[in-house]
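The block underneath contains the structure these notes are about, expressed in structure tokens.
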2 protein chains.
Amino acid sequence: MANKPTLETVAKEAGVSIPTVSQVMRGTGRISEKTRKKVLQAAKKLHYVPDARAAAMRSGQSREIGFVINQFANPFNAEVVSGAVDLLEEEGYLVSILDTRDDAERQGRQLEAFIRNRRGGLLWVPALATSERTLDLLTAHAVPTVTFLRPASRELDHVGIRNAEATAIATGYLADLGHRHIAYLGGTDMTYVRQERITGYERTMQERGLGPVIVWPSADTKKAAREAISELLRAHPAITAVVCNGDMVALGACLGLAREGLRPGHDVSVVGFDDIEDAAVATPALTTMAVSPKKLGRVLARVLLQRIKDPSTPPTVSEISAELIVRDTAGPPVAERPGG
Amino acid sequence: MANKPTLETVAKEAGVSIPTVSQVMRGTGRISEKTRKKVLQAAKKLHYVPDARAAAMRSGQSREIGFVINQFANPFNAEVVSGAVDLLEEEGYLVSILDTRDDAERQGRQLEAFIRNRRGGLLWVPALATSERTLDLLTAHAVPTVTFLRPASRELDHVGIRNAEATAIATGYLADLGHRHIAYLGGTDMTYVRQERITGYERTMQERGLGPVIVWPSADTKKAAREAISELLRAHPAITAVVCNGDMVALGACLGLAREGLRPGHDVSVVGFDDIEDAAVATPALTTMAVSPKKLGRVLARVLLQRIKDPSTPPTVSEISAELIVRDTAGPPVAERPGG
DNA sequence: CAGCCTTGATATAACGTTTCATCGGAAAAT
DNA sequence: ATTTTCCGATGAAACGTTATATCAAGGCTG
């Protein structure tokens, strides 16, 4: 019991050769029912669990997949992971998650360790300041990789959200309600995602002849957004609606409005992005742009499986649409704001 | 470029033998500065990254650690993971996370895959209905394991929270404020953790001669707790304070109180557990029991490292105390509740 | 100068698999 | 009866490392 069981141990126990045991365990080759039984029984008796490292090394293919993500606690990310994991585990892969915390250096170390361990595939939200070196390493070692949310390279498969389309819908919805002064609130760095969202907002503002275009930065936390909305309204009193960079910002904005005695959806309209769990239970409930994270995860998994199966096809880009969830924080504008 | 670099490739490039390259890469053995330079240069030129699988197989020790957790999105868990990862990555380990979603069967599959891949260590929150078979597998393969939050076996190291002590403090605090009718709210299954917390609550109620002891179940979500608090107050109108199973329940309870026109901390006092990020920014801010998740993570890491270094010592149990964070949701009771 | 220690490098075997070619023998075909 | 075919099982090599033992060449000592 002290020494760990191997193919050799099992073979000896069952009175057959090593390759025979190997074949039985994997269900390959031609083997008589009699010896199959014998081997299986010996394996069970010894608590034998094959060593995947040795197998992967010899066969050249790993059934381990890494999910490298920029923020562990983000509930949206968590659901994406669930969606992908469901599908991949079904195919017999082991999916393990790494959290870069958007730290490029940490990400570099993690991905190098990832390569050292010769994982079979990678689902990846690239950190903000991803270095060229990290990208080189990945392509040099030909790791099947699918990026997600933020594209990192034209040479890698990518799955993303139609961000511009989504904010265009949100802005258009507010315009249809009658708003003319609409701002974009949230985010600080010009990340790829924020860039796209702002583009959709701006384009719609211009197409509809609304204005002016106002982009107001804020960290993506409730606390920061609560302050930011106040400053925004002080600087631009004409504003009657905001499109937010995310639900956390939108919820923070609602808190800020309430603190100033303004009612979200009545005095000032707010549209969020992501449809996180809190969006539905908040009071008032948040009008927001939703993309199904489960669906996103499934698409991710499928793209990766395809890439593993056929590494030679050119990289693909898949995009998922977001849809407007109408709740209570957006309504028609009122003529004058109390105290405005 | 097409074929991946190995020790052999690098050795040939540098004009030395394979063991020499191995020693240079690991910084072991005696090697002249001249050849060291030569080898390092060759390795860099070929983008060589060692194969950790082969190394682990030969040397018998893995530098990969798995963190198996019951709920991915839980912000408390996320911080524990951060704390542990910081320490372990410093020591050169790769930590990857698996999410069981409290599904014992999924956990079984994941841990079996974990064993197949011969990871070097395991940090583990056992799922609710963890099977005996899973436990056997782990001990049979002698995986260095530390359980966390929920103990699974006397034969494994464990790190936990002093749950009973914490709810005793919370209940005592409410009693000191003058409350006599205090209920315990939240949780549905009799998990180990909830059991302990209820014990601390009950013990304090008895010691102080308060009563009656009321444990009211609720799913650990805001939505469920919002409904549960209303039902609880309808069934037991005398209650003036609740100790909650977690911050999500506490926040939900506050929502429910507000909906009925009651002010948390004035009409009914609420104490949470965990001190999640939202606890501080909520209005009113939540009085809650805090345990530092970062600290918990660091303790976890240290215990595991110790276990890896010396597998023969008997299993240890470490416990972390929680402390009361006084904010706005708990105050002295009022004589009569409006509408009570 | 013989003997000894030190330094730097290497040859070889082993880790636990899978792959591939081979093999004995029984059944089928000539 | 001899050849061919097929089934079931096996031997040997290979995957990329590390551990252990060995080795050549100097530099010291006595």
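Numbered from 1 within each chain, the chains take letters A, B, ... in sequence-line order. Just the heavy atoms: all of them, side chains too, but no hydrogens, waters or symmetry mates, feed the values below.
The interatomic distance linking Lys38(B) (NZ) with dA9(C) (P) rounds to 8 Å, in whole Å. Note: NZ (Lys12(A)) to C1' (dG16(C)) measures 14 Å, nearest angstrom. Per the geometry, CG belonging to Asn117(B) stands 12 Å off P belonging to dT17(C), to the nearest Å. In this entry the distance linking NZ of Lys4(B) with P of dG16(D) reads 10 Å, nearest Å. Atom CD of Gln61(A) is separated from atom P of dA14(D) by 20 Å (rounded to the nearest Å). The interatomic distance linking His141(B) (NE2) with dG16(C) (P) rounds to 12 Å, in whole Å. Between the CZ atom of Arg53(A) and the P atom of dC15(D) there is a distance of 19 Å, given to the nearest Å.
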| task | Treat primed atoms plus P, OP1 and OP2 as sugar-phosphate and everything else as base, then score nucleotides 17-27 of chain D 5' to 3': B for base contact with protein heavy atoms under 4.0 Å, S for sugar-phosphate contact only, - for none. | result | BBB--------
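Contacts of Thr28(A) with the nucleic acid, taken as non-hydrogen atoms under 4.0 Å apart, are absent.
DNA chain C is contacted by both Met57(B) and Ser17(B); Ser17(B) maps to the nucleotide lying nearer its 5′ end (nearest heavy atom per residue).
Cation-pi contact between Arg63(B) and Tyr93(B): present, with separation from the ring centre below 6.0 Å and deviation from the ring axis of at most 45°.
In this structure, Arg53(A) does not pair ionically with Asp51(B), as no charged nitrogen and carboxylate oxygen lie closer than 4.0 Å. With respect to Glu112(B) and Arg109(B), no salt bridge is recorded, no charged nitrogen being found less than 4.0 Å from a carboxylate O. Using a 4.0 Å cut-off between charged nitrogen and carboxylate oxygen, Arg119(A) and Glu64(B) count as a salt-bridge pair.
Contacts of Ser292(B) classified as side chain to side chain contact (heavy atoms under 4.5 Å, CB included), with partners at least two apart in sequence or in another chain: Lys294(B), Lys295(B). Scanning for side chain to side chain contact (heavy atoms under 4.5 Å, CB included) contacts around Ala52(B) gives Arg116(A), Asn117(A), with sequence neighbours left out.
Phosphate contact (OP1/OP2 of dT10(D), side-chain N/O of Thr20(A), threshold under 4.0 Å): present. In this structure, Ser32(B) does not reach the dG8(C) phosphate: none of its side-chain N or O atoms is under 4.0 Å from OP1 or OP2.
For the residue pair Pro315(A) and Arg307(A), the shortest heavy atom distance occurs at CA-NH2, 3.6 Å.
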